[in-house]
Participant: 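Quick one: this structure, given as structure tokens, is what I'll be asking you about.
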Amino acid sequence: MSFPLPSLRGLASRLLSRPTVSSSSSSSSSFSHLAFRSATTPPTAAARTTTTPPPSCLAAAAGVRSLSTTSSVLAPPGAKGGKGGPQKGGRPGDKNAPKRRKKGEVQQRDPKVVNMLRHMAVLSPRRIPPPLRMGRNRYLRHWTIHRAWLLFRRQQRQLREANLMRQYQSMHRACEELRRTAGPGTREEGYLYRVAMEKKGVYGLDSIPIEYARAQTETPARVAWNHDWKAGDAPGKA
Amino acid sequence: MSKAQQVTRPLVRSLTQVAGTSTTCPARVLAIRQFSSTLSRSDDASLTTGTAGPAASEAQKQAAEAVVLGSKTVAATTIKQGTEEELAKLLSPQLGSLRRRAALATTGNIPFEQLPYQAFQEARKILAKDREEKVAKIVAELEKIKKLEATDPSTFRSGEAYKQKRLKSMRAYVERLKILADINDPMVKRRFEDGMGTASGDMNKPIYRFLARRKWCEMDRKIIMQRITQFHIVPDLLPKFEPNMDVKLHFRRFKVPPGAILNSRITETPPTLRMQVFDAGERLISIVVVDADVPNPETDAFNKRLHYLATNIPWNPTLSSLPLSRIGADPTAASSSSSSASSAASAQQGALAVPWLPPHSQKGAPYHRLAIFVLQHSNNAPLDPNKLRELYDGAGREGFSLKSFRDKFGVTPVGFTMFRTVWDENTADVMARHGLPGADIEFRQPRVRSLKPPRKPRGWEAKRQGPKYKHLWKYTKRIKGVKF
């Protein structure tokens, strides 16, 4: 019941800040089924609160084998051994600070994990700003201004879309005209339309659309657009 | 000062900033702004004790009623919802912060729409311009409708059907434009939220009906729809049903949440229905109260029973309250709706076909669902109450089918609410007073005898009853809970 699954424990302690320690906890868990250990608290709580397990039991266990064998497989390549050593009690503040396992040994958290946690922390209920509360008249003024702004945006959007629609329909009509026109000289009806629909060489000879020139990234570049770039510059400066 | 603050600063600057407002105005924004001549505190819960006196006795009455009615909550509000003027009278200019008193003393009561806030006034200009556009569109569309009505349908390929379809969609468009013209008006919003939108005459305007329907859909409609499914009204009473109007149930001023279990003494007298329809026009409605769970021991099933039927009740969006006890009782009685000013002359018409039968559930039976349906007549055609009485009163109450009533008389169910009733301490008296048999019957689940063979008694003590355990009889002959 209280014997932890080593694989899950390794994963959990990497992602969460739970200061789980495998050595003392797994040692205590390995002896938890014995009768003389029945008075102790569950292994994880014991790991957090007590710093000195009974030396007799721990010394014997530490000497026999390396603890929590699976975690050494899952640990990042740079880490040494398993997670040993007693906990210093939950250090408040920076959970992402490098943890000191043994004396002189520092284990960094995976920066991807750090980045993800920092981004997701904004969504926690503590950090969401409380809703605004105002008096009745002030709220009604705010509501009026909000409705007017939304209406203004809608009007702008409709103008833009109407313009785009007009341009598209104009082009469509032009293509339709071409489709019904007998081409220059002896060409049959629709020749010019078919020529217009061919897109060969639209991007020039041996070229591809410029959208392919840039690889997609998760975050924008440090210099998003070089406004002073000239055609004579090297490609690397784009 | 930042640009944002400059925009919200009022244009009138006749006061210097008053210090010492931190105690009364905790918000930082208020401290920075010059002044606000509005009654910004009018909706605070800091009224004086003026309302405590009448409110306390009201609360006591409600509490007493609630004990009888079995409700757990006594909603005695501290502030009575009132208009801005009434609340302002309570908050005299002598009350309030230093800044507020100074502001009220120096500036007159500027009406809300003329408040000198720049962004607010610019917003009002935009909205006013939009409203003009909408009104112009309404006028143009009405012209088109008039022209189309005048044209000969034979000029169209599909004839009259096409013309009617076009007219219908044009009229719907005009209704949409009417809503859009008023939906951005803060005074409309304020009037509706203060309850003045439901005053007589205002519900004739489409915008207030629209806002009322939207408010109904937010919560009350969801509750009713949930009750319809969770109490199985839909398969049992009707195959399909979607309510279109808001129906609320009141027994002697107690507002009944739909599905609540009520005491028999309360339901002995007919309730009051507060109804709100959301489409314009006058119409005739009928009210039907059905008990869906009358137990039938012969068939081991449940029958339906009719408890009330009233018909030919004229209704429109301005009316809100309908006491069922007043229908058909006195032909010259004045209408009891909230808008009785104009309809004092026209009595509460409406014929009572089947009088109110108090809901009664016998002992041991499960709760009875009492469903109240509001049905709208088709083409505003009245029904004959005598015929209905002949069909459904007396012995015709048993086995009443709402579905067949709907089909036979061409009425559509539009409104619904319900409550439940069980056997309680007053049911026997109610049944005795109204001559209803069956108060002495107690229902019980039929006993199903087990097919298993009889078992030997279990337990340590039970196994040691014989003479072999005579030295233990002082323990085994005294099994807890079993009398020997």
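Below, read A as the first sequence line, B as the second, and so on, with proteins coming before strands; counting in each chain starts at 1.
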Participant: With the side chain counted from C-beta on, respond yes when A/Thr144 and B/Met187 share a heavy-atom pair under 4.5 Å apart, and no when they do not.
Facilitator: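 A side-chain contact is absent here, since even the closest heavy-atom pair is not under 4.5 Å.
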
Participant: To the closest 0.5 Å, what do you measure between CZ (A/Arg147) and CG (B/Leu127)?
Facilitator: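 If we round to the nearest 0.5 Å, A/Arg147:CZ and B/Leu127:CG are 8.5 Å apart.
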
Participant: Under 6.0 Å from the CG atom of A/Leu164, do we count more than 12 heavy atoms belonging to anything else shown?
Facilitator: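 Enclosed.
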
Participant: What is the distance from atom CG of A/Asn137 to atom CZ of B/Arg190, rounded to the nearest 0.5 Å?
Facilitator: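 Answer rounded to 0.5 Å: 4.5 Å.
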
Participant: Quick one: pull up NZ in B/Lys129 and CZ in A/Phe152 and give me the separation to the nearest 0.5 Å.
Facilitator: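 If we round to the nearest 0.5 Å, B/Lys129:NZ and A/Phe152:CZ are 10.0 Å apart.
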
Participant: Should we count CD1 of A/Ile208 as having more than 12 external heavy atoms under 6.0 Å?
Facilitator: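 Correct, the count exceeds 12.
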
Participant: So, taking the atom named CZ in B/Arg131 and the one named CG in A/Leu151, what distance separates them when rounded to the nearest 0.5 Å?
Facilitator: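 Rounded to the nearest 0.5 Å, the CZ-CG separation comes out at 13.5 Å.
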
Participant: Which heavy atom in A/Leu140 sits nearest to a heavy atom in B/Phe112, and how many Å separate them?
Facilitator: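 Closest approach of A/Leu140 to B/Phe112: CB-CZ, 3.5 Å.
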
Participant: Looking at A/Arg187, I'd like to know if its CZ atom is crowded, meaning that more than 12 non-hydrogen atoms belonging to other residues, nucleotides or ligands lie closer than 6.0 Å.
Facilitator: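 12 or below, so no.
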
Participant: Counting only heavy atoms from other residues, nucleotides and ligands, does the tally under 6.0 Å from CZ of A/Arg154 exceed 12?
Facilitator: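 Open: at most 12 neighbouring heavy atoms sit under 6.0 Å from CZ of A/Arg154.
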
Participant: Quick test of your reading of the model: are B/Asp194 and A/Arg136 salt-bridged, counting only N-O distances below 4.0 Å?
Facilitator: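 Looking at A/Arg136 together with B/Asp194, the answer is yes, because their closest N to O distance falls below 4.0 Å.
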
Participant: Nearest 0.5 Å, please: how far is CG in B/Asn184 from CG in A/Leu150?
Facilitator: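 Those atoms lie 9.0 Å apart.
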
Participant: Should the heavy atoms of other residues, nucleotides or ligands under 6.0 Å from CD of B/Glu113 be counted, would the total exceed 12?
Facilitator: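 More than 12 heavy atoms, drawn from other residues, nucleotides or ligands, come within 6.0 Å of this atom.
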
Participant: Just wondering, are more than 12 heavy atoms of other shown residues or ligands nearer than 6.0 Å to NZ in A/Lys199?
Facilitator: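 Correct, the count exceeds 12.
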
Participant: Which atoms of A/Ile145 are under 4.5 Å from chain B, going by heavy atoms: the side chain, the backbone, both sets, or neither?
Facilitator: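 A/Ile145 touches chain B through backbone and side-chain heavy atoms alike.
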
